[in-house]
Q: 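One structure, as structure tokens, below. Some questions next.
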2 protein chains.
Amino acid sequence: MLNPNAPTSDTAPQDALLRPASERRDPIPMKIDAFKVACSSCNLRELCLPVGLSQPQLTQLDTLVGARKSVKRGDALFHTGDSFKSVYAVRTGFFKTRISSEDGRDQVTGFQMAGELLGLDGISTDRHACDAIALEDSQVCVIPYSQLEELSREFSDLQHQFHKIMSREIVRDHGVMLLLGSMRAEERLAAFLLNLTQRLHARGFSASALVLRMTREEIGSYLGLKLETVSRTFSKFQDEGLLEVKQRDIRITDEPGLKALVNSVRC
Amino acid sequence: MLNPNAPTSDTAPQDALLRPASERRDPIPMKIDAFKVACSSCNLRELCLPVGLSQPQLTQLDTLVGARKSVKRGDALFHTGDSFKSVYAVRTGFFKTRISSEDGRDQVTGFQMAGELLGLDGISTDRHACDAIALEDSQVCVIPYSQLEELSREFSDLQHQFHKIMSREIVRDHGVMLLLGSMRAEERLAAFLLNLTQRLHARGFSASALVLRMTREEIGSYLGLKLETVSRTFSKFQDEGLLEVKQRDIRITDEPGLKALVNSVRC
DNA sequence: CGCTAGTTTGACCTACATCAACCTACGTGG
DNA sequence: CCACGTAGGTTGATGTAGGTCAAACTAGCG
């Protein structure tokens, strides 16, 4: 199979959306304005902000999500210090967020895929607190924040869903702290791969094969490891029969083995 | 000075609130119900949920904050898995939050002092996702979450302040990731101490002297270090003239030196 | 076809962990 | 009031996971 991130047959609700933008063909828009986004007809609505909303609420939400924005691979959706106006929902593509310390070290704080929100850090100071960089040509839905607040005052379902998303980010961050604070390299990488595949699976992709959109260095930055350690750990996993690794193409050949790594203390 | 956490003379808005509960004497409550809390008259209102609210809004908020709850040193305010009903504002005392992995390792994810909110992690799944443990006898204000959502649909200021608090937690967590992912032991401890004193200072305490409410092990867990390393690093800082350390009593004698440590790359 | 960015692998080094002994302070009961 | 127990803290000796430095390999891409 050419694309190992191809959707599995059982769950493939939005395959088209997860291919590179160049391959994608939009469904006929429900509105006349072809550049207008419609959450109500979006294949990601079960993963994104609209989760749990009724049809009339969705129609309202459509009025809020103003436009799509394309971001080329390597370009930033926003930078640290940019004034905060909107949050963004990833529609297609893949992002990383990173923060930098004064002395130039930086830390990747997350990888975002279709249906996930970017920019929540900006609410606290009205300025973005990280850089969001596209790891492949991507498209996001622009959600003007003041309008989101407004609409979520009207619809408690939307309000609650938004709070859930923020809370989920906090819980995720605490999980990463546990990983960074107490796991060894193998456990970190195993946890990372299982997290990625689990999220891809929720989007209709294979749970056992994936194409990494990020470099070893970016993985290392996220996991608090050097790129050489990431590379060596991949090789080790391959030697042990847990994975097949061909550069960025990964196939998980022993998922229970990987899971055991994450849950076990040492050895 | 007996209590090195004593408020400085210039900014001492709520000294009484930050002493152990046993020493504290409440102001005469504005409501007849002595157990009722009044945000409108709380000395922490400039640090807590009410930031930026008008007087009438504060009065509304008073109806929401139902009760105080006392938590003895060592006891849990809530545990992982407890059903989520409320968030809590620390009124007096000091807490830690921690998460545990299946294999028993745990990670301290934060330390909370007066005016800070606990329990935001619970929104995502309707169950608390961490344990909150009092590090000294403490008191919290109970804020029923459904009512908070309701009221924040009425008052956009409250809504925005609540969002800011959640966003700030996300930004803080990302900072901790940077610390855990790329700083060395000395930098971590220096950053930790500076963060603590900065927060204590915002509450009217000295910026240079503090009493740690947590053990070396808890500091280590938060910073991704072993307790011996924390202890050694304290000793090293003392030898270098950055700190005076007497068990949990810390006096910062060279703040610029500490700050330089955090901002410099190596050495 | 040659450049460049990314990756792999090896040899060596170091910051921190581990293990262990001892010290300190405080609370409890005699 | 003292003595003893215990939880927490310090310090030393040694081990090791992962960092650092370096060289070679691979795959796109102009």
Side-chain angles (χ1 to χ4, degrees), chain A residues 2 20 22 72-74 96 105 107-108 133 135-137 179-190 192 211-240 243-250 261 264-267, chain B residues 2 20 22 72-74 96 105 107-108 133 135-137 179-190 192 211-240 243-250 261 264-267:
Chain A
L2 266 177
S22 53
K72 283 237 168 317
R73 176 193 155 113
K96 69 171 175 184
R105 274 178 297 187
Q107 171 77 22
V108 171
I133 313 287
L135 296 181
E136 58 182 21
D137 291 356
L179 180 145
L180 291 171
S182 70
M183 291 186 175
R184 291 170 317 110
E186 291 176 38
E187 299 172 302
R188 293 184 198 195
L189 189 63
F192 170 71
V211 178
L212 299 174
R213 304 302 185 188
M214 68 295 279
T215 67
R216 301 290 190 255
E217 185 168 22
E218 287 161 338
I219 297 172
S221 173
Y222 183 59
L223 298 179
L225 301 169
K226 292 293 152 177
L227 69 95
E228 294 95 328
T229 305
V230 174
S231 179
R232 270 184 247 273
T233 309
F234 269 126
S235 300
K236 181 143 190 267
F237 284 175
Q238 182 157 244
D239 293 348
E240 290 169 346
L243 301 178
E244 275 170 31
V245 183
K246 275 206 209 93
Q247 306 277 123
R248 297 194 180 184
D249 292 3
I250 309 287
L261 252 178
S264 73
V265 209
R266 43 212 47 249
C267 340
Chain B
L2 265 177
S22 52
K72 283 237 167 316
R73 178 194 154 112
K96 70 171 175 183
R105 276 177 294 188
Q107 172 77 21
V108 170
I133 313 286
L135 296 182
E136 57 183 22
D137 291 357
L179 179 146
L180 291 171
S182 71
M183 290 186 176
R184 290 169 320 108
E186 292 176 37
E187 299 172 302
R188 293 184 197 194
L189 189 62
F192 170 70
V211 178
L212 299 173
R213 303 304 185 186
M214 67 295 278
T215 66
R216 302 291 191 254
E217 186 167 23
E218 286 161 339
I219 297 172
S221 172
Y222 183 60
L223 298 179
L225 302 169
K226 293 293 151 177
L227 69 93
E228 294 95 328
T229 305
V230 174
S231 179
R232 272 184 246 273
T233 309
F234 270 126
S235 301
K236 181 144 189 265
F237 283 176
Q238 182 157 244
D239 293 348
E240 289 168 347
L243 301 178
E244 276 170 32
V245 183
K246 274 206 209 94
Q247 307 278 122
R248 295 192 181 185
D249 292 2
I250 309 288
L261 251 179
S264 73
V265 209
R266 45 212 44 250
C267 15

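This one's a predicted model, so the numbers in the text were calculated from it and none came from an experiment. In what follows, every chain begins at residue 1, and chains take the letters A, B, ... in the order their sequences are listed.
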Q: Looking only at side-chain N and O atoms, does Arg184(A) come under 4.0 Å of OP1 or OP2 in dG18(D)?
A: no

Q: Please report the distance, rounded to the nearest Å, between NZ in Lys226(A) and P in dC16(C).
A: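 From Lys226(A) NZ to dC16(C) P: 13 Å.
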
Q: Output the rounded distance in Å from CG (Leu225(B)) to P (dA17(D)).
A: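 Between P of dA17(D) and CG of Leu225(B): 18 Å.
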
Q: For dG8(D), does either OP1 or OP2 sit under 4.0 Å from a side-chain N or O belonging to Thr215(B)?
A: no

Q: Using modelled atom types only, decide if a donor and an acceptor are shared between the side chain of Arg213(A) and the backbone of Leu135(A) within a distance under 3.5 Å.
A: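 No, Arg213(A) side chain to Leu135(A) backbone: no donor-acceptor pair under 3.5 Å.
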
Q: When you measure from the side-chain N and O atoms of Arg232(B) to the phosphate of dG9(D), is any distance below 4.0 Å, counting only OP1 and OP2?
A: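 Arg232(B) to dG9(D) OP1/OP2: no side-chain N or O under 4.0 Å.
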
Q: Is the shortest side-chain N/O distance from Arg248(B) to OP1 or OP2 of dG9(D) below 4.0 Å?
A: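 Yes, Arg248(B) has a side-chain N/O under 4.0 Å of OP1/OP2 on dG9(D).
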
Q: For a quick check of understanding: with a heavy-atom distance under 4.0 Å over all strands, which category does Gly74(A) fall into, base, sugar-phosphate or nothing?
A: nothing

Q: Tell me: CG of Leu223(A) to P of dG19(D), nearest whole Å?
A: 11 Å

Q: May I ask you to test the Leu180(A)-Gln107(A) pair for a side-chain heavy-atom distance under 4.5 Å?
A: yes

Q: What is the distance, rounded to the nearest whole Å, between atom CZ of Arg213(A) and atom P of dT7(C)?
A: 14 Å

Q: Rounded to whole Å, how long is the line connecting atom NZ of Lys236(A) with atom C1' of dT9(C)?
A: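 The answer, rounded to whole Å, is 15 Å.
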
Q: So with a 6.0 Å cut-off around CZ of Arg248(A), is the heavy-atom count from everything else above 12?
A: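 Yes.
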
Q: What is the distance, rounded to the nearest whole Å, between atom CD of Glu217(B) and atom C1' of dG8(D)?
A: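 It works out to 9 Å between those atoms.
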
Q: Ser235(A) near the nucleic acid: base, sugar-phosphate alone, or nothing, with a heavy-atom cut-off under 4.0 Å?
A: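 Sugar-phosphate contact only - Ser235(A) comes under 4.0 Å of backbone atoms but never of a base.
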
Q: Check every strand shown and say whether Gly220(A) touches a base, only sugar-phosphate, or nothing at a heavy-atom separation below 4.0 Å.
A: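 Here Gly220(A) touches no strand at all.
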
Q: Choosing from dG9(D), dC21(D), dA20(C), which nucleotide comes nearest the side chain of Glu228(A)?
A: dC21(D)

Q: Base, sugar-phosphate alone, or nothing: which one does Leu227(B) contact when heavy atoms must sit under 4.0 Å apart?
A: base

Q: Give the rounded distance in Å between these two atoms: CG of Asp249(B) and C1' of dG8(D).
A: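 For the pair Asp249(B) CG and dG8(D) C1', the rounded distance is 14 Å.
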
Q: Quickly work out the Glu218(B) CD to dG9(D) P distance and round it to whole Å.
A: 8 Å

Q: Do any side-chain nitrogens or oxygens of Ser231(B) fall under 4.0 Å of OP1 or OP2 in dT10(D)?
A: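 For dT10(D), OP1/OP2 do have a side-chain N/O of Ser231(B) under 4.0 Å.
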
Q: Where the side chain of Val245(A) is defined as all heavy atoms beyond and including C-beta, which of dT8(C), dG18(D), dG9(D) is the nearest nucleotide?
A: dT8(C)

Q: Look at the side chain of Thr233(B) and the backbone N and O of Thr229(B), then say whether any donor-acceptor pair between them is shorter than 3.5 Å.
A: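 The answer is yes, because a donor-acceptor pair under 3.5 Å joins these two groups.
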
Q: With DNA chain D as reference, determine whether Gln247(A) or Met183(A) sits nearer its 5' end, using the nearest nucleotide of each.
A: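 The 5'-side residue here is Met183(A).
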
Q: Side chains of Ile250(A) and Phe234(A): does their closest heavy-atom pair fall under 4.5 Å?
A: yes

